[in-house]
Amino acid sequence: MELKLYDTLTKEKLPFRPLDPKNVRMYVCGPTVYDFAHIGNARPVIVFDVLFRLLRHIYGVDHVKYVRNITDVDDKINDRAARDFPGLPLSEAIRKVTEETEKQFHADVDALGCLRPTVEPRATEHIAEMRAIIEKLIAGGNAYVEQDHVLFNVASDPNYGKLARRSLDEMLAGARVDVAPYKHDAMDFVLWKPSKPGEPSWPSPGGITTQGRPGWHIECSAMAWKHLGEQFDIHGGGIDLVFPHHENELAQSCCAFHKDRMANVWMHNGFLQVEGEKMSKSLGNFVTIRELLTGWRGRSWPGDALRFAMMQTQYRSPIDWSLAACDNAFNTLKDFFSVAAPPSGEPPPSVIEALADDLNTPRVVAELHALRKQVRDPGDEAAVALGNALAFLGLDAARFAAWVAKADASAVSKAGNVDDLIADRAAARARKDFKESDRIRDELAARGIVLKDGKDADGKPVTTWEIAR
Ligand code: AMP
Ligand code: ZN
């Protein structure tokens with residue numbers, strides 16, 4: 001078995017050779033903590049969790065270091081803090097927003113079966129490293145100070161644009177790069193900028209006398225350097241991060257440390273889409289992980305089903321997100337868990353081989369179906385292999401069963417109330433108050449309960465209900 005991974009930089013699927021097999025190092029760009037994460041944001045978290053599990057399997061649990069940062073300094077955080085806590089000093093409000101959001105994020109991705117990374121550094125705890133890199137860049141002629149900003153001098157880096165494989169003109173057009181009076185060239189990007197009054201601020205690099213704050217890209221270069229060194233094995237994130245974020249990280253780190261590479265392999269997941277468009281906050285076509293877990297339009301799914309739905313597609317391809325896909329994943333997983341033996345050991349080699357082929361999860365899913373078909377008796381070889389495979393993939397029978405039990409209990413507790421509402425609706429219909437009877441039907445529909453009007457054995461009208469699934 002040889003692990004092969006597709007590298008965005010060389011555009012090739014190549015055998016993976018860690019710099020040090022005793023210390024395999026991966027960095028993945030994490031969330032900006034200002035609001036609930038949507039299910040599109042969950043995709044990189046799940047994809048790189050599967051890779052983390054595979055690397056631990058191949059190199060040993062103690063020989064893989066996975067760093068996923070938390071971006072806790074950002075305009076969106078400041079805006080949210082000012083809006084939600086207008087009475088508090090901004091710094092305190094920001095702390096409330098970031099702490100709360102970080103907790104929500106952890107609860108959500110735990111429910112999706114993702115292991116915690118080895119280190120989860122916060123940007124605001126790495127300002128010294130950011131300043132150090134910026135000083136190196138200034139000293140080497142790769143950055144300049146202008147009007148209390150520090151800018152990266154893109155023209156100083158002959159390799160700039162290699163990751164995104166775009167010409168300067170394309171990059172300028174594609175990124176809608178800001179033209180600003182402090183930029184010597186429109187392509188140059190911000191490493192450090194002045195803070196507005198009340199905003200988080202730190203002593204500035206480059207001899208700037210006023211306080212300031214870092215740009216976004218420098219955060220990741222600093223955290224990767226601190227926790228993984230000047231060069232490491234894998235850098236990951238969603239495909240939208242290739243340009244400008246990863247191109248800029250690469251430029252900063254390579255120029256600061258005089259290296260030709262930052263990571264040996266650059267990996268990017270495709271978009272999770274809704275009707276052909278990227279799911280995003282700005283388009284408003286998003287649903288949060290939390291809503292899917294706890295109730296969205298009267299429906300919800302266990303995290304394991306959402307995780308399994310994600311695995312039906314290879315990570316580089318776009319996923320079209322649909323409720324039908326969640327339902328299918330739920331039903332298949334329920335069936336798998338009903339016959340799988342409790343996990344007792346290593347996953348079957350066929351599963352590892354499929355994953356080693358650039359995380360070919362659709363092939364893994366096919367292997368699971370094949371194993372499922374072979375199960376004759378509980379505890380037979382296929383049932384054991386299936387149980388071990390599911391556990392290895394982070395799909396947890398106990399967590400799934402607990403979710404189902406809770407959902408059933410809540411359906412039962414709702415039932416009494418549903419019967420009352422049905423009686424109210426019958427009374428409304430009897431007095432020809434159809435506005436009220438429709439309102440009750442809609443209220444139940446919003447809770448995922450479908451009413452069926454029929455007649456009983458004596459021909460009297462009777463209404464039954466069922467959970468829409
Ligand atoms: P953001 O909060 O937008 O910086 O995104 C956090 C992570 O989620 C990044 O790795 C993004 O590339 C990724 N991401 C955001 N939206 C999507 C999406 N619709 N599909 C897949 N990945 C996404
Ligand atoms: Zn990053």
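Atoms within a ligand are numbered from 1 in the order they appear, just like the ligands themselves.
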Given Thr32, Asn41, Ile39, which has its nearest heavy atom closest to atom 1 (P) of ligand 1?
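Among Thr32, Asn41, Ile39, the closest heavy atom to atom 1 (P) of ligand 1 comes from Asn41.
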Atom 22 (N) of ligand 1: of Gly238, Gly40, Ala42, the nearest heavy atom sits on Gly40
Do any nitrogen or oxygen atoms of Gly237 lie less than 3.5 angstrom from nitrogen or oxygen atoms of ligand 1?
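There is no such contact.
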Using a strict 4.0 Å cut-off to heavy atoms of [X], name the atoms of ligand 1 that fall inside it.
X	value
Gly270	21 (C)
Asp240	11 (C), 12 (O)
Asn269	21 (C), 22 (N)
Leu241	9 (C), 10 (O), 12 (O)
Lys278	16 (N), 19 (N)
Met279	16 (N), 18 (C), 19 (N)

Minimum side-chain heavy-atom gap [X]-[Y] below 4.5 Å:
X	Y	answer
Leu272	Pro318	no
Val145	Pro205	no
His235	Glu249	yes

Who are the side-chain contact (heavy atoms from CB on, under 4.5 Å) partners of Glu2, not counting sequence neighbours?
Lys4, Pro15, Arg17
Please determine whether His245 has a backbone or side-chain N, O or S atom lying under 2.8 Å from the Zn ion (ligand 2).
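Checking His245: at least one N, O or S atom is under 2.8 Å.
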Are any N, O or S atoms from His246 nearer to the Zn ion (ligand 2) than 2.8 Å?
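Within the cut-off used here (under 2.8 Å), His246 places no N, O or S atom near the Zn ion (ligand 2).
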Supply the atom-to-atom distance Phe85 CZ to Arg95 CZ, rounded to the nearest 0.5 angstrom.
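CZ of Arg95 is found 10.5 Å from CZ of Phe85.
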So Ile218 and Ile133, side-chain contact (heavy atoms from CB on, under 4.5 Å) or not? Walk me through it.
CA-CA 8 Å; Ile218 195 70; Ile133 296 179; 3.8 Å; yes
Distance-only donor-acceptor check, side chains Asp320 and Ser322, under 3.5 Å:
no
State, without any angle test, whether His217 and His246 hold a side-chain donor-acceptor pair at a distance under 3.5 Å.
no
Measuring from non-hydrogen atoms of Pro44 to any atom of ligand 1, is the shortest distance under 4.0 Å?
yes
Would His38 count as a contact residue for ligand 1, given that I'm defining contact as a non-hydrogen atom of the residue lying under 4.0 Å from a ligand atom?
yes
Protein contact for atom 10 (O) of ligand 1 (heavy atom, distance under 4.0 Å)
yes
Taking just the N, O or S atoms of Glu249, which one is nearest to the Zn ion (ligand 2)?
OE2
What residue among Arg68, Arg307, Arg116 forms side-chain hydrogen bond (donor to acceptor under 3.5 Å, both in side chains) with Asp49?
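Exactly one option meets the side-chain hydrogen bond (donor to acceptor under 3.5 Å, both in side chains) with Asp49, and it is Arg307.
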Using a strict 4.0 Å threshold on nitrogen-to-oxygen distance, state whether Arg122 and Asp72 make a salt bridge.
yes
List the closest protein heavy-atom neighbour of atom 20 (N) of ligand 1: residue, atom name, distance to the nearest 0.1 Å.
Leu272 N, 2.8 Å
